[in-house]
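Heads up, the thing below is written out as structure tokens.
Owing to the predicted nature of the structure, the values given are computational and were not obtained by experimental measurement.
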Amino acid sequence: MGIKQYQIVVVNLDPTIGSELKKIRPCVVISPDEMNQHLNTIVVAPLTTNKKAYPTRVKVTYQGKEGRIIIDQIRTIDKTRVVKVSDLLSKTEIVNIKDVINRTFVL
């Protein structure tokens with residue numbers, strides 16, 4: 001299965017604990033392509049349709065619906081959790097996600 005950075009994948013996040021996002025939901029692959037090719041895990045950020053504009057959320061459109069990438073819920077998952085591989089983010093969405101990751105974890 002060829003999974004690319006900034007691609008949307010549908011993932012089964014269950015089981016979860018506490019406030020972790022659960023159920024089958026789309027996620028954005030954050031891990032770089034080299035890791036995605038050689039490891040059995042990928043790093044993802046889940047999507048939500050909740051429209052609250054938190055500073056750690058990035059607005060995206062997926063399957064005609066507005067949603068948010070939840071940078072504050074980034075997690076590493078086994079590739080066996082991937083149910084479906086879908087679209088790549090737009091160039092603008094990629095720039096925005098890089099900016100939020102940088103502001104959240106680097107600065």
Side-chain angles (χ1 to χ4, degrees):
M1 166 181 339
I3 297 175
K4 298 183 184 290
Q5 187 176 37
Y6 304 118
Q7 190 167 36
I8 296 173
V9 291
V10 179
V11 174
N12 183 355
L13 295 176
D14 289 331
T16 59
I17 298 173
S19 298
E20 297 171 347
L21 289 178
K22 55 188 162 218
K23 71 182 182 178
I24 296 175
R25 68 170 59 237
C27 295
V28 173
V29 178
I30 304 297
S31 48
D33 290 340
E34 185 174 8
M35 286 175 59
N36 300 336
Q37 290 170 9
H38 297 289
L39 299 177
N40 292 324
T41 56
I42 55 175
V43 179
V44 298
L47 273 81
T48 183
T49 54
N50 184 323
K51 294 182 180 152
K52 292 183 182 176
Y54 296 115
T56 56
R57 311 275 165 107
V58 179
K59 187 173 157 181
V60 294
T61 301
Y62 175 63
Q63 294 186 335
K65 297 178 185 174
E66 184 180 303
R68 306 257 178 205
I69 303 168
I70 310 170
I71 300 303
D72 53 279
Q73 290 263 349
I74 288 175
R75 62 196 275 191
T76 301
I77 62 166
D78 192 276
K79 288 179 182 174
T80 59
R81 288 185 177 267
V82 175
V83 175
K84 177 183 166 189
V85 177
S86 192
D87 307 323
L88 281 170
L89 295 178
S90 71
K91 288 182 181 185
T92 301
E93 291 167 337
I94 292 170
V95 167
N96 291 340
I97 197 170
K98 287 179 179 182
D99 180 56
V100 172
I101 289 171
N102 188 44
R103 284 188 283 116
T104 303
F105 295 107
V106 179
L107 296 179

When rounded to the nearest 0.5 angstrom, what distance separates [atom1] in [X] from [atom2] in [Y]?
{"X": "Thr49", "Y": "Arg68", "atom1": "OG1", "atom2": "CZ", "value": "11.0 Å"}
{"X": "Tyr54", "Y": "Asp72", "atom1": "OH", "atom2": "CG", "value": "9.0 Å"}
{"X": "Thr76", "Y": "Arg81", "atom1": "OG1", "atom2": "CZ", "value": "11.5 Å"}
{"X": "Ile77", "Y": "Asn40", "atom1": "CD1", "atom2": "CG", "value": "12.0 Å"}
{"X": "Asp33", "Y": "His38", "atom1": "CG", "atom2": "NE2", "value": "10.0 Å"}
{"X": "Gln63", "Y": "Leu47", "atom1": "CD", "atom2": "CG", "value": "10.5 Å"}

Which atom pair, heavy atoms only, marks the closest approach of [X] to [Y]?
{"X": "Ile71", "Y": "Ile74", "result": "O-CG1, 3.2 Å"}
{"X": "Cys27", "Y": "Pro46", "result": "SG-CA, 3.6 Å"}
{"X": "Asp14", "Y": "Lys23", "result": "OD1-N, 3.1 Å"}
{"X": "Tyr6", "Y": "Ile97", "result": "CE2-CG2, 3.5 Å"}
{"X": "Arg25", "Y": "Thr48", "result": "NH1-CA, 3.9 Å"}
{"X": "Asn36", "Y": "Gln5", "result": "ND2-N, 3.6 Å"}

Output yes when a side-chain donor or acceptor of [X] lies under 3.5 Å from a complementary backbone atom of [Y], and no otherwise.
{"X": "Gln37", "Y": "Ile3", "answer": "no"}
{"X": "Thr61", "Y": "Gly64", "answer": "no"}
{"X": "Lys79", "Y": "Leu39", "answer": "yes"}
{"X": "Lys4", "Y": "Val29", "answer": "no"}
{"X": "Gln73", "Y": "Ile70", "answer": "no"}

So do [Y] and [X] actually touch side chain to side chain, heavy atoms under 4.5 Å?
{"X": "Leu89", "Y": "Ile69", "result": "yes"}
{"X": "Ile24", "Y": "Val11", "result": "no"}
{"X": "Ile94", "Y": "Thr92", "result": "no"}

- Query: Name the one of Val43, Thr41, Leu13 that satisfies side-chain contact (heavy atoms from CB on, under 4.5 Å) with Arg75?
  - Reply: Leu13
- Message: Out of the candidates Val28, Asp87, Val82, Val83, only one should pair with Val9 under the side-chain contact (heavy atoms from CB on, under 4.5 Å) rule; please name it.
- Response: Val82
- Message: Hydrophobic clusters here meaning ILVMFWY residues chained together by side-chain heavy-atom distances under 4.5 Å, can you tell me if Val60 and Val95 are in one?
- Response: no
- Got a sec: does the CD of Glu66 have more than 12 other heavy atoms crowding it under 6.0 Å? yes
